[in-house]
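Note that ligands are numbered from 1 as they come in the structure, with each ligand's atoms numbered from 1 the same way. Numbering starts at 1 and runs along the sequence shown.
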Amino acid sequence: MATLKETLLAKIQEHRPRTQKLVKEHANVKIGEVTIGQAIGGARGVRMLVTDISYLDPFEGIRFRGKTIPETFAALPKVPGSDYPYVEAFWWFLLTGEVPTEQQTLEVVKDFQSRRAVPAYVGDMLRAMARDTHPMTMFSAAILSMQREALFVKRYNEGMKKDEHWEPTYEDSTNLLAKLPSVAAMIYRLKYKDDKQIPADPKLDFGGNFAHQMGFPKPYDDVARMYFILHSDHESGNVSAHTTHLVASALSDVYYALSAGINGLAGPLHGLANQEVLRWIMKFQEKLGGKESTEENVKQALWDTLKAGQVIPGYGHAVLRKTDPRYIAQMEFCQKNLPNDPLFKLVNMIYKVAPGVLTEHGKTKNPWPNVDAQSGVIQWYYGLKEWDFYTVLFGVGRAIGVLTNTTWDRALGYAIERPKSVTTKMLEDVASQAIKADDLGAD
Ligand code: NMX
Ligand code: MLT
């Protein structure tokens, strides 16, 4: 039976000639143009990244390796007695594009278990940090603190050839990913449970052990599996994925790169929106002072937020132009498992009202909810009420996607990222036709 690493190498060898041919024979073929609006407006819609791990269609939403979310969940081997697949099977699938067998999955489960132990110095460092430090800061710092483990650096210093770069990157990625659930649980229990840590259970899988170390009973293991897979990848242009890719493009190892990506995820316009949704809901309920929520008072609260110049967290998207299928997947989970939960009912009421309010407000290009609008409700229901921890959960999931991407970036020899900048005066001159865009100079 081929191992994951052997299967991955075969896929890499099969893929390399495609990339090499494109670069050699078609490098000058245009795939788009850049406008002044895009240069100032966050490069929205500029096609300048390449990934085969996932693709985001504005109307359909995400496909992982060509599969929609329901297709992905249906295809992968499930943990016995669980509704959701092994995260380890998903890791195999993202890395290779192939659905692993049960036996291949169990090999990866074993491999992850053997790499899971978190170095003692990580706990020492976290304990030395101020206890009110945000959990995302702790998570990023914990990842960075393990940079001394990077095999890539050792091999690079020994003179490794470029076409071998993927191999220590794969090893580093697996070593790091296997530790992340335990690191996250350690931060959670350090901050909110008087540092009463729960040792890892060597028999459990990625999601199962995370639930165990967090201290949450079943079905939280399935919640964790679903959550990590849903948050894993959203093609390459989102802030956390792009940051990881950018930093790794300098051949910084994955500890440096993922820590940087996590810092991007910690922004309220990106992953932190999941904590902001819960904060918004709690503030709204506090204002109601025990009165029942109605469509009318929800509408009023949404308008109050917009009139105060703030965003409605969990709504809008830079690419999506319909309800995020990750939102729908979580909504369906709630309909099955917590249909009468008051918070779930309130989130549904917001879903009924907010798109109309945002459309009337007239600014956002997408008035529909994204992944973050629904995710906190599930965590809250199962007892994880410390909402400033929610983005760490997103971060564990996002690591799966960005580490896969970094491994493939190295395999295909993607270049150091270095776009060109221009000055405001240059843009003014092009706009007034004093000079032509072509006169700005090449490359
Ligand atoms: N509430 C209020 N205004 C909004 C919202 C929203 N939810 N979404 C977009 N707008 C505004 C936006 O601020 C901008 O205003 P201005 O022209 O004054 O700068 C205008 O609408 C046009 O923005 P768009 O082009 O529709 O959106 P953009 O691509 O710039 O930004 C987000 C995308 C996701 C950053 C934006 O929709 C947003 O801030 N949403 C709320 C925060 C959120 O839920 N983020 C999580 C995204 C998913 N994730 O996990 O990363
Ligand atoms: C993500 O999952 O990264 C977010 O939906 C943001 C994005 O795709 O831009």
The closest protein heavy-atom partner of atom 49 (N) of ligand 1 is Asp372 OD2, 3.2 Å
Can you tell which part of Arg326 has a heavy atom less than 4.0 Å from ligand 2: side chain, backbone, both or neither? side chain
Could you tell me the residue and atom name of the protein heavy atom closest to atom 42 (C) of ligand 1, and the distance to it rounded to 0.1 Å? Pro268 O, 4.0 Å
For ligand 2, which atoms have a heavy atom of His317 less than 4.0 angstrom away? 4 (C), 5 (O), 6 (C), 7 (C), 8 (O), 9 (O)
I'd like the name of whichever of His317, Lys365, His270 reaches closest to atom 51 (O) of ligand 1 through any heavy atom. His270
Should Glu386 and Lys191 count as an ion pair when the cut-off is N to O under 4.0 Å? no
Is it the side chain (CB and beyond), the backbone, both or neither of Val311 that lies under 4.0 Å from ligand 1, heavy atoms counted? both
Is Phe394 in polar range of ligand 1, meaning some N or O pair under 3.5 Å apart? no
Minimum heavy-atom distance Tyr315-Leu358, with the two atoms named: CB-CD1, 3.6 Å
Hey, can you tell me if Phe284 and Trp280 have their rings parallel, tilted or perpendicular (30° and 60° cut-offs)? parallel
What are the two closest heavy atoms between Met146 and Leu176, and how far apart are they? CE-CD1, 3.9 Å
Mark up the atoms of ligand 1 that fall under 4.0 Å of a heavy atom belonging to Ala318, in ascending order. 29 (O), 33 (C)
Going by the atom numbers of ligand 2, which of them fall below 4.0 Å from some non-hydrogen atom of Asn238? 3 (O), 6 (C), 7 (C), 8 (O), 9 (O)
For atom 32 (C) of ligand 1, is the nearest protein heavy atom under 4.0 Å away? no
of all protein heavy atoms, closest to atom 38 (C) of ligand 1 is Tyr315 O, 3.9 Å
Quick one: does any side-chain atom of Lys179 pair with a main-chain N or O of Thr174 as donor and acceptor, under 3.5 Å? no
Tell me whether the guanidinium CZ or amine NZ of Arg65 lies under 6.0 angstrom from the six-membered ring centre of Trp408 and within 45° of its axis. yes
For atom 35 (C) of ligand 1, which of the options Asp324, Leu272, Leu269, Thr305 provides the nearest non-hydrogen atom? Leu269
Between Phe152 and Arg410, is there a cation-pi geometry (under 6.0 Å to ring centre, at most 45° from the normal)? yes
ring-ring contact (aromatic ring centres under 6.0 Å, His included) partner of Phe228, chosen from Trp91, Phe210, Phe90, Phe394: Phe210
Per-atom filter on ligand 1: closer than 4.0 angstrom to a heavy atom of Arg44 are 28 (P), 29 (O), 30 (O)
Any protein heavy atom sitting closer than 4.0 Å to atom 14 (C) of ligand 1? no
Side chain or backbone, does Ala273 bring an N or O within less than 3.5 Å of an N or O on ligand 1? no
Sub-4.0 Å heavy-atom approach of Arg398 to ligand 2: yes
Looking at every non-hydrogen atom in both residues, tell me the closest pair between Gln197 and Ala185 and how far apart they are. OE1-O, 4.2 Å
Is it true that the side chains of Asn209 and Gln213 contain a donor and an acceptor less than 3.5 Å apart? yes
Identify, by atom number and element, the atoms of ligand 1 in contact range of Gly314, meaning under 4.0 Å from any of its heavy atoms. 43 (C), 44 (O)
Closest to atom 6 (C) of ligand 1 (heavy atoms only, candidates Val239, Ile312, Asn274, Asn238) is Ile312
Can you name the closest pair of heavy atoms from Glu88 and Thr105 and give their distance? CB-O, 4.5 Å
Of Val277, Thr364, Val319, Leu358, which has the heavy atom at the shortest distance from atom 9 (C) of ligand 1? Thr364
Taking Ser259 for its side chain and Tyr256 for its backbone only, find out whether a donor-acceptor pair lies under 3.5 Å. no
Any heavy atom of His270 under 4.0 Å from ligand 2? The part involved is side chain
Heavy-atom pair with the smallest gap, counting every atom of Ala141 and Met129: CB-CE, 4.1 Å
Where the closest heavy atom to atom 2 (C) of ligand 1 is concerned, which of Val371, Leu302, Leu306 has it? Leu306
the protein heavy atom lying closest to atom 18 (O) of ligand 1 turns out to be Lys363 NZ, 2.8 Å
Classify the side-chain pair Asn366/Thr364 by whether it contains a donor and acceptor separated by less than 3.5 Å. no
Looking at ligand 1, does any of its N/O atoms fall within less than 3.5 Å of an N/O of His361? no
Just distances here: any N/O of His234 and N/O of ligand 2 closer than 3.5 Å? yes
